[in-house]
Amino acid sequence: MSLVDSAPSSHTHDAAASAALNAEDRARILAKAALFSPPDATLPDGRRDLVGLSRDELTELLVEIGEKPFRTKQLWHWIYHQGVTDFSAMSSIAKPLQAKLAERFVVGRPQAAMVQTSTDETRKFLFRFRDGQEAETVYIPDRREDRGAVCISSQVGCTLSCTFCHTGTQKLVRNLGAAEIVGQFMAARDSYSEWPSPKGDTPRLLSTIVLMGMGEPLYKYENIAKAMKIIMDGEGIALSRRRITLSTSGVVPLMDRCGEELGINLAVSLHAVTNELRNEIVPLNRKYPIEEVLAACRRYPAANNSRRITFEYIMLRGVNDSEADARELVRLISGLPAKVNLIPFNPWPGSAYRPSTREQQNKFAQIIMDAGFSSPIRTPRGRDILAACGQLKTESERIRAAQS
């Protein structure tokens, strides 16, 4: 057989080997996630929280207590469309059933242990969960329109240890469950009285979700996927997949799965254009180097010219902000439907980095724009309440540290 004849089978073998490694890696990540599982959704008094259950799970629970499956649709409407937490307020359900449900179930919310509103109207919530653990959620209103983004956390703490990120200095405590992820959005809506869920062209104040809070969303993919499917369900919160963006530091095996199963927007925390530097500032790069991350971006099925992949790039003075870096960034993302979000570094106590100068940020942005990519320089929001990018770190931990 000639070399030409054997090439395709060699290529097929490489692709199969790569897919097998990918599957193996994916299984390893999911097994590790299980070690940091959230607590059970059953309260000490034996009642079960209904938030965070899939439709099938909700139906199963109702059938167990002798109710018909059609009740699922009724409850789903009250919980996710109307935002009701009290069974006695569910007027389409007969009083005896209301009492039966209240005896066995709750419609929970994380407790807002602290709420701070910035001078620029950014609002930060410190949510406390049933086991006393806490995470932060931020609502960032649009400057021009009555809408805004809810920045949701996916872990208590973080494992990534990116050197420029204040959040990353907090050790991982545990993953958040689907109920806790959905609950952050629902509790933020409570705060703005945005119930029932707006329908059709009705403007939404809380119009988008960005999975960019504490933690790496793809390290607990199954919880995130379950939560986002609940949020996208057309009979409840009904937020479009186009309105949800997941930000990852590049967990390659699960980027593929996220694209196939959820089809939500993708943002990649790139922050460097060489593996040498990215190994240092985003340690996950040692496992999934730039080339592999970009290859996963090129495979991402939801990416097209109307739904571009966002590359997040923190601007660190004298570290990654030269014109040569900008030109290499253009080369790396060439051919991708992409935009670049340039993020001024937000200083925090103990950090070794300084923000790039405004002049350097503008030069960097111009090189990217001249190459045909959108390259906005993000305006920091909520700095006065430590709610800006990379600044999230639970208030309780800061207080404990100050007292010790």
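Residues take their numbers from the sequence shown, with the count starting at 1.
- Remark: side-chain polar atoms of Q133 are not paired, donor with acceptor, to backbone N or O of V156 under 3.5 angstrom.
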For this session: Go through Q155 and L176 one step at a time and tell me if the side chain to side chain contact (heavy atoms under 4.5 Å, CB included) criterion holds.
Result: CA-CA 5 Å; Q155 293 181 312; L176 295 181; 5.6 Å; no

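- No cation-pi contact links R109 to F127, judged by a cut-off of 6.0 Å to the six-membered ring centre and 45° from its axis.
- Using modelled atom types, one finds a donor on one side chain and an acceptor on the other under 3.5 Å when comparing R307 with N265.
- Between the side chains of D325 and S322, a donor-acceptor pair is found at a separation under 3.5 Å.
- Residue-environment remark: CZ (R242) stays at or below the threshold of 12 foreign heavy atoms within 6.0 Å.
- For CZ of R243, the number of neighbouring non-hydrogen atoms (other residues, nucleotides, ligands) closer than 6.0 Å is 12 at most.
- Between the side chain of K95 and the backbone N or O of S88 there is no donor-acceptor pair closer than 3.5 Å.
- Rounded to the nearest 0.5 Å, atoms CG (L101) and CG (D86) are 11.5 Å apart.
- F125 and Y139 have their aromatic ring centers separated by at least 6.0 angstrom.
- Side-chain contact, S356 with R317: no donor N or O sits under 3.5 Å from an acceptor N or O.
- A salt bridge links E222 with R257; the closest basic N to acidic carboxylate O contact falls under 4.0 Å.
- Atom CD1 of I368 and atom CD1 of I377 lie 9.0 Å apart (nearest 0.5 Å).
- When only modelled atom types and interatomic distance are considered, S54 and D56 share no side-chain donor-acceptor pair under 3.5 Å.
- Here the side chains of P39 and F129 are not in contact, with every heavy-atom distance at 4.5 Å or above.
- Considering CD of E328 and CD1 of I367, their distance stands at 12.5 Å, rounded to 0.5 Å.
- For the residue pair D25 / Y288, a side-chain donor-acceptor distance below 3.5 Å is found, with atom types taken as modelled.
- A donor-acceptor contact closer than 3.5 angstrom links the side chains of N275 and N285.
- Judged by distance alone, with hydrogens and angles left aside, the side-chain atoms of R123 form no donor-acceptor pair with the main-chain N or O of Q116 at under 3.5 Å.
- Atom-to-atom distance recorded for L160:CG and L172:CG is 9.5 Å, nearest 0.5 angstrom.
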Exercise. What's the verdict on salt bridge (Lys or Arg N to Asp or Glu O under 4.0 Å) for E64 and R104, showing C-alpha distance, side-chain angles and the deciding distance?
Worked result: CA-CA 11 Å; E64 273 176 26; R104 293 166 172 80; over 6 Å; no

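- A salt bridge is absent between R47 and E103: the closest approach of a Lys/Arg side-chain nitrogen to an acidic carboxylate oxygen does not fall below 4.0 angstrom.
- Within a 6.0 Å radius of CD in E276, other residues, nucleotides and ligands contribute 12 heavy atoms or fewer.
- Closest approach of A227 to A178, counting heavy atoms only: CB-O, 3.9 Å.
- In the displayed structure, D146 atom CG is contacted under 6.0 Å by at most 12 heavy atoms of other residues, nucleotides or ligands.
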Compile the donor-acceptor pairs under 3.5 Å between side chains in residues 334-345 and protein atoms, sequence neighbours left out, one pair per line.
none

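- Remark: R55 engages D233 in a salt bridge, criterion side-chain N to carboxylate O under 4.0 Å.
- In this structure, a donor-acceptor pair under 3.5 Å is absent between the side chains of W78 and S91.
- R278 places a side-chain N or O within 3.5 Å of a backbone atom of L270 that can act as its donor or acceptor partner.
- When all heavy atoms of Y353 and T163 are compared, the closest pair comes out as OH-OG1, 2.8 Å.
- Using cut-offs of 30° and 60° for the angle between ring planes, the Y313 and H271 rings count as tilted.
- Of the possible polar contacts, one joining the N320 side chain to the I314 backbone as a donor-acceptor pair under 3.5 Å is found.
- Closest approach of M212 and S247 over heavy atoms only: CG-CB, 3.3 Å.
- Between the side chains of E312 and S269, a donor-acceptor pair is found at a separation under 3.5 Å.
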For this session: Check the pair L246, I224 against side chain to side chain contact (heavy atoms under 4.5 Å, CB included), reporting the backbone distance first and the verdict last.
Result: CA-CA 9 Å; L246 181 143; I224 285 286; 4.0 Å; yes

Between side-chain atoms of residues 181-189 and protein atoms elsewhere (two or more places apart, or another chain), which donor-acceptor pairs fall under 3.5 Å?
| unit_1 | atom_1 | unit_2 | atom_2 | d |
| --- | --- | --- | --- | --- |
| Q184 | OE1 | T137 | OG1 | 2.6 |
| Q184 | OE1 | S153 | N | 3.0 |
| Q184 | NE2 | S153 | O | 2.8 |
| Q184 | NE2 | E180 | O | 3.3 |
| R189 | NH1 | S197 | OG | 2.9 |

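- With hydrogens and angles disregarded, a donor-acceptor distance shorter than 3.5 Å links the side chain of E194 to the backbone of L206.
- Around the CZ atom of R354, the shell of radius 6.0 Å holds no more than 12 heavy atoms that belong to other residues, nucleotides or ligands.
- Under 3.5 Å, the side chains of N362 and Q366 contain no donor-acceptor pair of N or O atoms.
- For E291, the CD atom sits in a packed shell: over 12 heavy atoms of surrounding residues, nucleotides or ligands are nearer than 6.0 Å.
- Listed here is the closest heavy atom pair of S374 and R308: CB-NH1, 3.6 Å.
- The minimum heavy-atom distance linking A41 with R48 is given by the pair CB-NE, 3.5 Å.
- Closest heavy-atom contact between N223 and G177: ND2-CA, 3.9 Å.
- Of the possible polar contacts, one joining the R286 side chain to the N279 backbone as a donor-acceptor pair under 3.5 Å is found.
- The line from CZ of R143 to CD1 of I140 is 10.5 Å long, rounded to the nearest 0.5 Å.
- Between atom OG1 of residue T357 and atom CZ of residue F364 there is a gap of 12.0 Å, rounded to the nearest 0.5 Å.
- With respect to the salt-bridge test (charged N to carboxylate O, under 4.0 angstrom), the residues E136 and K124 qualify.
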